[in-house]
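Notes follow once the structure below has been shown.
Every value quoted in this text rests on a predicted model; they were computed, and no experiment measured them.
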Amino acid sequence: PTRNMEYAYYSLGFGDEPLDRNDAMSRKDWSKWHDAEKTEVQALFDRGTFVYVPREKVPPGKKVIKCKWVYKRKPDRYKARLVVKGFMQSPFDYGETFAPVCTLSTVRMLLSMTANKSNWSLRQLDISTAFINAILSEEVYMEPPEGYQDEHPGQVCLLKKALYGLKQAPKEWYDTLTTWLQSDEDGPKLKQSPHDPCLLSQKIGDKEMWIALYVDDLLMTGDQELIDTFMEKISNKYVIRDLGVPETFLGMEITRDLSK
């Protein structure tokens with residue numbers, strides 16, 4: 001019971017996390033927060049999220065934005081996330097920021113189709129840290145993470161992929177994901193609906209599958225074989241959480257009784 005209560009406190013943000021890096025450094029468990037920072041920086045670098053370039057390579061008039069550390073105490077680990085100060089971005093440094101999401105009527109339609117076909121399966125997944133997989137179409141320069149400037153003197157970070165906090169991150173993620181979903185090279189080669197840009201489908205013979213997108217949440221329905229194939233393909237591309245048969249989606253409770 002004590003352990004369960006501890007988990008509950010952490011899930012509610014009761015972990016009393018540091019407000020900034022100076023706060024983290026003043027704590028007795030700073031070494032653990034520091035290790036979490038180093039893990040995050042290395043993971044971003046390994047994913048090709050940014051590369052270091054000389055500061056003089058920044059084009060004239062191009063803003064170098066700052067970033068900050070956000071700390072979170074998880075039940076099983078210390079977590080540090082690097083977040084861009086998007087409010088420092090100039091409107092001239094990015095284009096469109098709007099990212100579409102599936103409509104509630106689309107979700108209701110998929111659930112209705114599933115209810116009428118007893119041989120169809122229903123499944124949900126979410127993509128972990130989705131935005132940092134988004135490929136940027138504009139050049140974005142960022143100051144090195146706080147505490148790591150001395151490791152790369154005279155250099156700044158050129159972002160290749162989005163970070164949380166960027167104004168264009170949602171749109172870039174939507175473009176990255178839908179491009180891959182429709183790709184016939186390494187993607188599943190889905191077809192985008194002309195009625196809802198976040199509704200995609202696949203039909204092979206008499207089998208079919210439909211997918212609704214809501215940022216990093218995917219709701220799938222259709223033949224089990226196609227869903228299994230898709231799950232294998234997307235798990236090879238991104239880090240996902242298989243949520244199985246959904247009980248809720250976008251605030252809607254889902255109950256399915258196959259005996260009726």
With a 4.5 Å cut-off on side-chain heavy atoms, are [Y] and [X] touching?
| X | Y | value |
| --- | --- | --- |
| Val58 | Val64 | yes |
| Arg256 | Thr114 | yes |
| Leu200 | Gln182 | yes |
| Gln149 | Gln155 | no |
| Cys67 | Glu146 | no |
| Leu250 | Leu104 | yes |
| Phe50 | Leu158 | no |
| Val51 | Lys160 | yes |

Between [Y] and [X], is there a salt bridge with N-O shorter than 4.0 Å?
| X | Y | result |
| --- | --- | --- |
| Asp16 | Arg27 | yes |
| Lys237 | Asp186 | yes |
| Arg123 | Asp228 | yes |
| Lys161 | Glu172 | no |
| Asp35 | Lys38 | yes |
| Glu143 | Lys85 | no |

Determine the sole option in [options] for which the side-chain contact (heavy atoms from CB on, under 4.5 Å) test with [X] is passed.
| X | options | result |
| --- | --- | --- |
| Val107 | Thr103, Leu110, Leu111 | Leu111 |
| Cys102 | Pro197, Cys198, Ser193 | Cys198 |
| Leu166 | Thr97, Val84, Val83 | Val84 |

Ignoring hydrogens and angles, state whether a donor on the side chain of Trp210 or Glu208 is under 3.5 Å from an acceptor on the partner side chain.
->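 Side chains of Trp210 and Glu208: pair found under 3.5 Å.
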Just by distance, with hydrogens left out, do Glu232 and Asn236 show a side-chain donor and acceptor under 3.5 Å apart?
-> no
Given the rule in the side-chain hydrogen bond (donor to acceptor under 3.5 Å, both in side chains) test, do Glu253 and Thr248 qualify, once you have shown the distances and angles that lead to the verdict?
-> CA-CA 4 Å; Glu253 293 188 7; Thr248 62; over 6 Å; no
Please step through side chain to side chain contact (heavy atoms under 4.5 Å, CB included) for the pair Ile227 and Leu122, ending with a clear verdict.
-> CA-CA 9 Å; Ile227 291 177; Leu122 192 63; over 6 Å; no
Main chain of [Y], side chain of [X]: is a donor-acceptor contact present, judged purely on distance under 3.5 Å?
| X | Y | result |
| --- | --- | --- |
| Gln168 | Glu96 | no |
| Asn133 | Thr129 | yes |
| Asp216 | Ala130 | no |
| Lys167 | Phe87 | no |
| Asp20 | Asp23 | yes |
| Thr49 | Leu44 | yes |
| Thr221 | Ser121 | yes |

Aromatic ring proximity, centroids under 6.0 angstrom, Trp173 and Tyr238 |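 Tyr238 vs Trp173: aromatic centres under 6.0 Å.
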Distance, nearest 0.5 Å, that separates OH of Tyr141 from NZ of Lys62 |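 Here the interatomic distance stands at 7.0 Å.
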Which distance, rounded to the nearest 0.5 Å, do you find between the CG of Leu243 and the CG of Leu218?
->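 Interatomic distance, Leu243 CG to Leu218 CG, rounded to 0.5 Å: 10.0 Å.
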Honestly curious: do [X] and [Y] fall in one hydrophobic cluster under the side-chain, below-4.5 Å linking rule?
| X | Y | result |
| --- | --- | --- |
| Leu181 | Leu125 | yes |
| Ile211 | Met252 | yes |
| Ile135 | Phe131 | no |

Out of Glu17, Arg81, Glu37, which residue meets the side chain to side chain donor-acceptor pair (under 3.5 Å) rule with Tyr71?
->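 Between Tyr71 and the candidates, side chain to side chain donor-acceptor pair (under 3.5 Å) is satisfied uniquely by Glu37.
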Does the side chain to side chain contact (heavy atoms under 4.5 Å, CB included) test come out yes or no for Trp69 and Glu40, once each step is laid out?
-> CA-CA 10 Å; Trp69 287 106; Glu40 173 78 349; 3.8 Å; yes
